[in-house]
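Since the structure comes first, as structure tokens, the remarks are kept for the end.
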There are 2 protein chains.
Amino acid sequence: MGSPVSIRDVATRAKVSVGTVSNVLNRPEVVAPATRDRVMGAIEELGFVRNDAARQLRSGTPRAIGLVVLDVGNPFFTDVARGVEDTASEAGHAVILCNSDGSSQRESRHVELLAEQRVHGVLITPVDTDLAAVRRLRDRGMSVVLLDHPTADPGLCAVAVDDRAGGEQAVTHLLAEGYERIVMVNGPSHVHQARQRHEGAVDAVRKSGRDSGVLEELKVPALNVVSGQRAAEQLLARSVRPDAVFCANDLLALGLLQVLVRAGVRVPEDIAIVGYDDIDFAAAAAVPLTSVRQPRQLIGRTAAELVIAETMTPGEHEHQHVLFAPELVVRESSRRVQRSRRRPR
Amino acid sequence: MGSPVSIRDVATRAKVSVGTVSNVLNRPEVVAPATRDRVMGAIEELGFVRNDAARQLRSGTPRAIGLVVLDVGNPFFTDVARGVEDTASEAGHAVILCNSDGSSQRESRHVELLAEQRVHGVLITPVDTDLAAVRRLRDRGMSVVLLDHPTADPGLCAVAVDDRAGGEQAVTHLLAEGYERIVMVNGPSHVHQARQRHEGAVDAVRKSGRDSGVLEELKVPALNVVSGQRAAEQLLARSVRPDAVFCANDLLALGLLQVLVRAGVRVPEDIAIVGYDDIDFAAAAAVPLTSVRQPRQLIGRTAAELVIAETMTPGEHEHQHVLFAPELVVRESSRRVQRSRRRPR
DNA sequence: GGCCTGCGTTAAATCGTTTCACCCCCGACC
DNA sequence: GGTCGGGGGTGAAACGATTTAACGCAGGCC
């Protein structure tokens with residue numbers, strides 16, 4: 001019935017010592033087939049389940065990794081989480097998912113909890129750029145991988161995507177398609193992704209030899225759907241509208257697109273749109289969205305692999321800064337060609 | 001430096017016994033203020049962090065709860081997860097998030113892991129209706145709460161939303177608006193939510209006194225965006241199209257809406273659409289989507305509270321089956337009134 | 001002055017595993 | 001025939017906290 005069936009109960013049941021049971025569990029090859037079967041039988045009959053707490057206490061090897069994300073509501077992060085989860089569970093690790101929701105208070109509470117759990121390592125998208133919480137973790141001997149947050153600190157692993165290159169790709173594409181009044185709807189500049197993507201956009205203009213006036217930055221308070229809607233309203237109110245908009249992420253782009261379409265603006269004929277992240281909803285929008293794809297699951301997988309590798313070979317581990325390349329996915333929202341639209345019937 | 005600073009190190013440092021340190025941590029009121037401060041100081045200086053494994057081993061009280069969801073990619077589940085996470089972290093519990101992805105193999109692997117972790121309890125959206133995995137957990141003395149999966153089993157807690165009522169609301173609304181050729185795009189019938197929502201839809205037709213022919217069921221293999229797109233293509237190919245579509249969830253509705261809009265079908269003038277779940281993207285769609293709202297975060301919070309309560313008062317706990325009422329949110333995609341649409345300029 | 005009472009503290013037992021040193025038996029080898 | 005070696009086991013220590021019984025000490029009471 002109750003769970004309190006310990007390795008000792010199994011031992012008595014199988015008429016062996018606890019050491020032998022432990023061996024069956026961890027090094028089956030060293031125990032004679034006959035006894036092994038007996039022990040396995042006892043385990044089965046009693047419904048024995050290892051107690052991981054005791055295990056970890058003795059062996060010192062935890063079986064969980066922590067993941068702290070900025071916003072579980074953003075599909076970008078859920079995809080990263082999925083990648084982490086896949087890799088971790090293949091390695092037999094549990095994933096403890098925490099949502100900091102952009103609050104450093106919540107972040108530190110979660111980090112504290114993870115420290116007490118003595119997790120294998122922590123994957124974190126830090127709220128603050130000062131990385132105070134991250135350093136605290138590392139000082140306690142925990143391995144940490146920064147997610148989507150580049151750093152120069154050689155004492156940390158990091159997995160990120162080249163945001164500057166992504167911004168450049170997006171705007172280069174728009175320029176090549178012939179758009180000449182581009183607005184970048186961007187998040188607050190304390191968000192490093194926002195800053196980087198904008199710098200890339202500026203690079204693109206410079207490299208193309210155009211006047212820097214072809215690109216304008218419109219800042220919004222957050223990288224979400226609502227902010228995108230607000231931005232669209234602002235643009236609609238202008239006497240001279242842009243012919244293309246580059247949004248710092250897809251949530252912004254979706255909000256923007258919705259309001260524009262409802263106002264009768266044709267996309268891309270009147271205004272082209274490019275998003276960022278290429279979340280699944282981007283392809284399913286009213287007008288399929290051109291977007292800069294980040295290898296989301298791969299980011300998660302890689303980060304998980306790094307943190308697992310680091311704790312496998314403590315000491316000799318080389319901290320790595322992995323930087324993936326983004327990839328522009330061109331869809332209908334930014335094609336210059338006039339397309340004949342099907343009409344009902 | 002390294003993390004291996006134990007309660008014993010703190011004790012020597014503060015010149016007290018380990019018992020006293022433990023008291024400072026757990027029952028601060030019984031220890032004299034002077035010593036308490038001394039101990040706290042030592043903890044601070046040494047950067048001591050409790051080892052939860054040892055704690056749990058001795059006290060038998062775990063500090064984590066498990067959450068197994070069907071699909072982390074679905075915003076519905078991430079919102080539920082957020083609710084769980086909020087409540088759990090207020091109670092000082094960690095949440096171990098697992099994604100079964102609809103595979104019972106993955107599900108049982110995760111359940112096994114959670115059992116070894118001796119989690120406080122498990123919140124699970126079961127893959128199979130036979131609940132084999134769930135029963136195994138309970139037999140091991142673990143408290144379980146079923147999420148979004150009604151059950152008659154009095155030995156389990158369950159938190160769900162009345163899907164039948166939701167289906168009825170949706171179709172009653174469509175009928176009231178005057179739609180008379182309704183197609184319900186539904187998931188496979190082994191998914192109980194799909195079945196229930198359809199039954200509710202049938203109820204609505206019956207109660208309205210209409211002919212049962214006004215409602216047709218179109219089954220698709222999965223409750224996701226792609227299936228919605230496929231369904232739309234099928235409907236477009238028909239010579240006689242429905243005047244309204246009720247989708248078993250919002251992902252289907254978004255896929256459907258996208259394809260219809262691109263084909264030039266006007267929503268709701270030509271075809272009205274009602275979705276289910278009211279995920280945030282529903283309100284931000286090309287045409288804001290009427291949808292049946294489920295209290296997603298509340299589901300998560302309630303489930304977490306139940307599982308925590310159950311383990312606080314073992315034995316005397318009354319298993320509860322909480323059933324929330326869904327709420328229809330009417331937006332533009334299903335309004336009968338002809339609306340004048342704004343045109344640019 | 002002995003004794004009881006409380007308070008603060010200590011020492012030891014305990015939780016369920018893993019690990020390691022050691023034991024026993026039996027065949028092989030010199 | 002004694003010793004070596006090794007396969008197959010055993011048993012106890014250790015992990016780091018919690019918990020509880022016991023203990024020392026100061027003050028108050030009779």
Side-chain angles (χ1 to χ4, degrees), chain A residues 2-40 42-43 46-64 92 113 115-119 140-141, chain B residues 2-40 42-43 46-64 92 113 115-120 140-142:
Chain A
S3 55
V5 35
S6 84
I7 204 176
R8 210 176 315 271
D9 303 323
V10 175
T12 25
R13 174 82 143 145
K15 301 196 196 311
V16 294
S17 75
V18 294
T20 303
V21 178
S22 174
N23 279 334
V24 170
L25 258 25
N26 302 299
R27 291 182 288 294
E29 68 279 4
V30 309
V31 33
T35 24
R36 194 192 326 171
D37 291 348
R38 203 145 33 89
V39 172
M40 304 264 262
I43 289 179
L46 269 47
F48 165 75
V49 179
R50 295 228 270 274
N51 183 330
D52 195 58
R55 227 161 157 224
Q56 167 176 339
L57 177 58
R58 174 63 228 234
S59 68
T61 323
R63 316 216 312 139
L113 211 73
E116 289 190 7
Q117 298 280 340
R118 295 281 192 280
V119 292
R140 288 171 181 169
Chain B
S3 56
V5 36
S6 85
I7 203 176
R8 213 177 314 272
D9 302 321
V10 175
T12 26
R13 175 82 142 143
K15 301 199 198 308
V16 293
S17 76
V18 295
T20 303
V21 179
S22 173
N23 278 334
V24 170
L25 258 26
N26 302 298
R27 289 182 289 296
E29 67 280 3
V30 308
V31 35
T35 27
R36 194 191 329 174
D37 292 348
R38 202 145 34 88
V39 172
M40 304 264 262
I43 290 179
L46 269 47
F48 165 75
V49 179
R50 292 226 273 273
N51 183 330
D52 195 59
R55 223 158 176 264
Q56 169 177 338
L57 179 58
R58 175 64 230 239
S59 69
T61 325
R63 315 214 315 135
L113 210 73
E116 290 191 7
Q117 300 279 341
R118 295 283 191 277
V119 292
H120 214 123
R140 286 170 182 171
M142 205 145 262

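We name chains A, B, ... by the order of the sequence lines, and we start the count at 1 in each one.
Computed from coordinates, the B:E29 CD to C:dG6 P distance equals 18 Å when rounded to whole Å. Across the protein-nucleic acid pair, A:N51 atom CG and C:dC15 atom P stand 12 Å apart, rounded to whole Å. Spacing between atom CZ of A:R55 and atom P of C:dT19 amounts to 9 Å, rounded to whole angstrom units. We find that CD1 of B:I7 is positioned 15 Å from C1' of C:dC15, with the value rounded to whole Å. One atom, CG of B:N23, and another, P of C:dC7, lie 14 Å apart when rounded to the nearest Å. Regarding B:R38, its CZ atom lies at a distance of 7 Å from the P atom of C:dT9, rounded to whole Å. In this structure, B:Q56 atom CD and D:dG16 atom P are separated by 16 Å, rounded to whole Å. As rounded to whole Å, 15 Å separates atom C1' of D:dG16 from atom CD of A:Q117.
The side chain of A:N26 contributes an N or O atom lying less than 4.0 Å from OP1 or OP2 of C:dT18. Contact check, B:R27 against D:dT19: a side-chain N or O comes under 4.0 Å of OP1 or OP2. Proximity of B:S6 to the phosphate of D:dA17: a side-chain N or O atom is located under 4.0 Å from OP1 or OP2. Listed pair B:T35 / C:dT9 meets the phosphate criterion, a side-chain N or O lying under 4.0 Å from OP1 or OP2.
Residue-to-nucleotide contacts include no donor-acceptor pair under 3.5 Å from the side chain of A:R58 to the base of C:dT17.
Among the heavy atoms of the strands, none lies under 4.0 Å from A:V21. The residue A:V49 sits close only to the backbone: its heavy atoms come under 4.0 Å of sugar-phosphate atoms, none of a base. Residue-level contact check: A:R8 touches the bases, meaning some heavy atom is under 4.0 Å from a base atom.
Considering every non-hydrogen atom in both B:V5 and B:D9, the closest pair reads CA-OD2, 3.3 Å. Here the shortest heavy-atom pairing between B:G92 and A:L113 reads O-CD1, 3.7 Å.
Nearest nucleotide to the B:S59 side chain, out of C:dT10, D:dG9, D:dT18: D:dT18. Nearest to the side chain of B:V31, among C:dT10, C:dT9, D:dG9, sits C:dT9. Counting only heavy atoms from C-beta on, A:L57 has its side chain closest to C:dG16 among D:dG9, C:dT18, C:dG16.
Distance CG/B:L25 to CZ/B:R50: 4.0 Å, rounded to 0.5 Å.
Ranked by how close their nearest DNA chain C nucleotide is to the 5' end, A:S22 and B:T20 are led by B:T20.
The closest donor-acceptor contact from the side chain of B:H120 to the backbone of B:R63 lies at 3.5 Å or more, if one exists at all. B:R118 contributes a side-chain N or O that, together with a main-chain N or O of B:A115, makes up a donor-acceptor pair within less than 3.5 Å.
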